[in-house]
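Note sheet for the following structure.
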Amino acid sequence: MRLALDEARLAVEGGDVPVGAVLLSPDGTTVLAAGHNEREATGDPTAHAEVLALRRAAAKLGQWRLAGCTLVVTLEPCTMCAGALVQSRVDRVVYGARDEKAGAAGSLWDVVRDRRLNHRPEVVEGVLAEDCARLLTEFFRDR
C-alpha cells in the first residue's frame, strides 16, 4: 500500500485526485504495473489509477487475463474500476480508504462480489486506511 500511496502523491502534481494503484504478480512480490489518476492530466475520463495499472500490466504480460494478480489501491474502486477488475480476472483487490459516495467494492455498491457475475475477486479493505484518507482529505481541503 505504501507504493500505491507514492503513486497517489504523483497524481497531485498533475492536478488529479490522489489515488494510486499497484498491480502485483501472482507471487505477490513483483510489481507488474502502477498507476495514478491522470484524468486532469490527459483529459481521459477513464484514466483512473486502477484502469491505468490494469492496462499497463496487460500490455506487459501480453494478455488481458490477470488471474492470480492482486490490485492494491488507495481508495475503494468506483463502478467503472470495479467492472474492469472483474473483467480482468484479478484474484484480489486490496484498498485503503472506503468511498461512501462512489465505492463499488462494499460501500455504496458491491460490484466485485456480485454473485451474478462470472468472476468475484477477494476484497481486503482498510489497509493503511487512515493514511489513504488523510491524503484525500488534505487534497480537497487545499482545493
Inset, instruction - Side-chain contact test, heavy atoms from C-beta onward, threshold under 4.5 Å: evaluate it for Asp131 versus Leu5 and give yes or no. - result: yes
Inset, instruction - Keeping the roles fixed (side chain from Thr42, backbone from Asp44), state whether a donor-acceptor pair exists under 3.5 Å. - result: yes
Legend entry - Pairs involving residues 19-29, ordered by first then second residue, that meet side-chain hydrogen bond (donor to acceptor under 3.5 Å, both in side chains) (sequence neighbours left out): Ser25-Asp27, Asp27-Thr29
Inset, instruction - Keeping to residues at least two apart or across chains, list the salt bridge (Lys or Arg N to Asp or Glu O under 4.0 Å) pairs with something in residues 68-96. - result: Arg92-Glu122
Inset, instruction - Group every Ile, Leu, Val, Met, Phe, Trp and Tyr by side-chain heavy-atom contacts under 4.5 Å, then state whether Val111 and Val73 land in the same group. - result: yes
Inset, instruction - Using a 4.5 Å cut-off on heavy atoms from C-beta on, say whether the side chain of Ser88 contacts that of Arg65. - result: no
Inset, instruction - May I ask whether Val12 and Phe140 are part of the same hydrophobic cluster, defined by side-chain heavy atoms of I, L, V, M, F, W, Y residues being less than 4.5 angstrom apart, directly or through others? - result: yes
Inset, instruction - Look at Glu50 together with Arg56 and state whether they make a salt bridge at an N to O cut-off of under 4.0 Å. - result: no
Inset, instruction - Please check if atom CZ in Arg9 has more than 12 non-hydrogen atoms from other residues, nucleotides or ligands closer than 6.0 Å. - result: yes
Inset, instruction - Grab the two heavy atoms, one from Pro18 and one from Phe139, that are nearest each other, plus how far apart they are. - result: CD-CG, 3.4 Å
Legend entry - Closest contact, heavy atoms only, Val19 versus Ala49: O-CB, 3.4 Å
Inset, instruction - State plainly whether one hydrophobic cluster holds both Leu75 and Leu108, where clusters connect Ile, Leu, Val, Met, Phe, Trp and Tyr through side-chain heavy atoms under 4.5 angstrom apart. - result: yes
Inset, instruction - State, to 0.1 Å, how close Val112 and Val86 come at their nearest heavy-atom pair, and which atoms those are. - result: CA-CG2, 3.9 Å
Inset, instruction - Working to the nearest 0.5 Å, report the span between CZ of Arg134 and CZ of Arg141. - result: 10.5 Å
Inset, instruction - Before giving the answer on side-chain contact (heavy atoms from CB on, under 4.5 Å), spell out for Leu54 and Val90 the whole-Å C-alpha distance, their side-chain angles and the decisive distance to 0.1 Å. - result: CA-CA 9 Å; Leu54 292 172; Val90 299; 3.9 Å; yes
Inset, instruction - Please report the closest heavy-atom contact between Arg120 and Asp114, naming both atoms and the distance. - result: CD-O, 3.3 Å
Legend entry - Shortest non-hydrogen contact between Ala47 and Leu52, atoms and distance: O-CD1, 3.9 Å
Inset, instruction - Kindly write out the residues that satisfy side-chain hydrogen bond (donor to acceptor under 3.5 Å, both in side chains) with His36, not counting sequence neighbours, or none if the list is empty. - result: Glu7
Legend entry - Connected via hydrophobic side-chain network under 4.5 Å: Val72 and Leu136: no
Legend entry - Criterion side chain to side chain donor-acceptor pair (under 3.5 Å) against Thr46, the qualifying member of Arg39, Glu38, Arg55: Arg55
Inset, instruction - Check whether any side-chain N or O of Thr74 sits under 3.5 Å from a backbone N or O of Gly20 as a donor-acceptor pair, and report yes or no. - result: yes
Inset, instruction - Determine whether Val93 and Val124 make a side-chain contact, defined as any pair of heavy atoms from C-beta on separated by less than 4.5 Å. - result: no
Legend entry - Transitive ILVMFWY side-chain link Leu10 to Val22, under 4.5 Å: no
Legend entry - Heavy-atom closest pair, residues Gly106 and Arg98: O-NH2, 3.8 Å
Legend entry - Pairwise side-chain contact, Leu32 with Leu24, heavy-atom cut-off 4.5 Å (strictly under): no
Legend entry - Heavy-atom donor-acceptor pair, Asn37 side chain to Val17 backbone, under 3.5 Å: yes
Inset, instruction - Taking the side chain as every heavy atom from C-beta outward, state whether Tyr95 and Pro77 have any pair of such atoms under 4.5 Å apart. - result: yes
Inset, instruction - Please assess Thr70 against Leu23 for the test side-chain contact (heavy atoms from CB on, under 4.5 Å), listing each intermediate value before the final yes or no. - result: CA-CA 6 Å; Thr70 298; Leu23 193 80; over 6 Å; no
Legend entry - Carboxylate-amine/guanidinium contact Asp99 Lys101, below 4.0 Å: no
Inset, instruction - Step through the shown structure and confirm whether more than 12 heavy atoms of other residues, nucleotides or ligands are within 6.0 Å of CD on Glu130. - result: no
Inset, instruction - Determine whether Val31 and Leu3 make a side-chain contact, defined as any pair of heavy atoms from C-beta on separated by less than 4.5 Å. - result: yes
